[in-house]
Amino acid sequence: MNVPVYLDNNATTPMDPRVLEDMLPYFTQKFGNAASRNHSFGWVAEEAVDHARSWVARLIGAADSEIIFTSGATEADNLAIKGVFEMYRNKGNHIVTCATEHKAVLDTCKHIEKLGGTVTYLPVKEDGLIDPDELERSITDKTILVAIMYGNNETGVIQPVAEIAGIAHRHGVLFFTDATQAVGKIPIDVNTDGIDLMAFSAHKMYGPKGIGALYIRRKNPRVKITAQIDGGSHERGMRSGTLNVPGIVGFGRACELCSVEMNEEAIRLSALRDKLENALTEIEETYVNGSRQHRLPHVSNIAFKYTEGEGLIMTMKGLAVSSGSACTSASLEPSHVLKSLGLSDDLAHSSIRFALGRFTTEEEIDFAIGQVKKAVDNQRTLSPVWELFKEGITSQIYIK
Ligand SMILES: *Cc1c(COP(=O)(O)O)cnc(C)c1O
């Protein structure tokens with residue numbers, strides 16, 4: 001077993017060695033520019049890109065021509081939202097999104113507001129799900145886009161995507177989803193789900209960093225966007241710039257592996273996740289954040305009340321996990337996602353995200369359980385608040 005044990009697979013995943021193996025020739029011998037039309041170096045690269053593109057498309061039930069390669073999900077989020085806003089300006093300027101989105105979506109929406117757009121940030125219920133009726137009520141005749149994520153990066157909560165798409169379409173509005181955490185983990189079909197645009201990224205699914213994609217529907221309806229990077233007309237003019245051929249090859253292979261392996265992997269990971277979660281919720285005063293039912297198979301986010309997450313993480317030297325705090329400049333802010341679920345600042349700060357992955361073993365889970373139990377126990381032993389709680393004096397100190 002390698003220590004520290006890596007349970008932060010929602011931040012990034014290690015690359016699968018089979019992916020690396022496929023990529024290597026494209027750095028050295030097969031280094032051609034996929035846009036070079038005059039010689040075999042270019043043709044070899046282009047063929048590799050075409051092959052990869054069809055695996056990326058196949059994983060999500062799309063056509064090859066509906067995949068636009070980007071540098072990752074952040075760029076794909078920007079391209080989808082800004083690209084739709086610019087293209088459909090004459091139709092309207094209103095976008096509906098939700099409070100628990102990734103910063104790549106929320107910050108892009110803030111930018112849209114500076115450009116004169118209006119944005120509705122839907123709240124979520126205690127389980128992390130949006131209320132479809134509230135979504136429907138928020139749509140106006142100026143709405144051009146509904147942008148709601150597929151699976152949440154902090155809690156793993158899965159939104160009712162097909163239902164959301166149905167509501168958007170009933171009102172003639174496009175539906176975009178950031179599916180970075182869900183693609184390659186659970187089966188997704190853009191047609192079954194009614195998705196018009198979808199962002200995802202290779203490095204969250206055992207591929208390389210620096211490559212991702214935006215799916216853009218080409219029929220029923222044909223979705224158009226305004227390019228945000230001009231020059232050279234690569235990717236059908238929607239995203240110029242020399243293609244990252246080794247990255248694309250790796251992304252394609254990563255998608256192929258997920259197509260073949262994700263169903264079995266999901267069963268194995270949810271069993272390990274449940275083992276971890278069941279053991280940790282045996283500890284007094286612990287709470288699972290977000291819906292346990294509508295959730296990605298490999299994620300668990302747990303609040304250990306009367307502890308401080310950052311402190312726990314510092315003492316658990318053998319474990320790589322994330323806390324419910326976001327480091328903004330010098331201060332630790334409680335996670336906006338956990339706050340949206342209704343957690344107090346204290347409870348958000350006491351939360352830890354466990355994200356399992358393809359290479360997580362049962363031995364590592366057993367080790368993690370031991371580490372967390374010890375760390376929580378140690379911190380509470382030293383905590384006057386915990387002592388007061390044990391004496392039954394709680395209400396004035398610490399309320400969820
Ligand atoms: C990681 C992540 C992103 C950013 O992806 P990059 O490829 O690193 O830019 C965006 N959205 C979600 C939900 C993510 O988890």
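Order of listing sets the numbers, starting from 1, for every ligand and every atom in it. Basis for what follows: all heavy atoms, side chains included, without hydrogens, waters or symmetry-related copies.
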Taking 4.0 angstrom as the limit and counting only heavy atoms of N153, give me the atoms of ligand 1 inside it, by number and element.
13 (C), 15 (O)

Judging by distance only, is a nitrogen or oxygen of S201 under 3.5 angstrom from one on ligand 1?
yes

Which option out of E154, E75, H102 puts a heavy atom nearest to atom 3 (C) of ligand 1?
H102

If you measure every N/O of N10 against every N/O of ligand 1, is any gap under 3.5 Å?
no

I need the single residue from L59, T70, I188, V183 that forms a side-chain contact (heavy atoms from CB on, under 4.5 Å) with F200. Which is it?
V183

Could you check whether R380 makes a cation-pi contact with Y306, meaning its NZ or CZ is under 6.0 Å from the centre of the six-membered ring and within 45° of the ring axis?
no

Regarding ligand 1, does A104 bring an N or O atom to under 3.5 Å of one of the ligand's N or O atoms?
no

N-O pairing of D366 and K275 below 4.0 Å
yes

What atoms in ligand 1 come closer than 4.0 Å to a heavy atom of G72?
7 (O)

Determine whether the side chain, the backbone, both or neither of K204 has a heavy atom under 4.0 Å from any heavy atom of ligand 1.
side chain

Inspect the surroundings of CD in E391 and state if more than 12 heavy atoms from other residues, nucleotides or ligands are less than 6.0 Å away.
yes

Which one holds for H203 and ligand 1: side chain close, backbone close, both close, or neither close, with close meaning a heavy atom under 4.0 Å?
side chain

If you have a sec, work out which protein heavy atom is nearest atom 5 (O) of ligand 1 and how many Å separate them, to one decimal?
A73 CB, 3.3 Å

Any N/O pair Q181/ligand 1 closer than 3.5 Å:
yes

Please work out, at 4.0 Å between heavy atoms, whether the side chain, the backbone, both, or neither of T74 comes within that distance of ligand 1.
both

Only heavy atoms of T180, strictly under 4.0 Å: list the atoms of ligand 1 that pass.
2 (C), 10 (C), 11 (N), 12 (C), 13 (C), 14 (C)

Any luck finding a side-chain donor-acceptor pair between E285 and Y287 under 3.5 Å?
yes

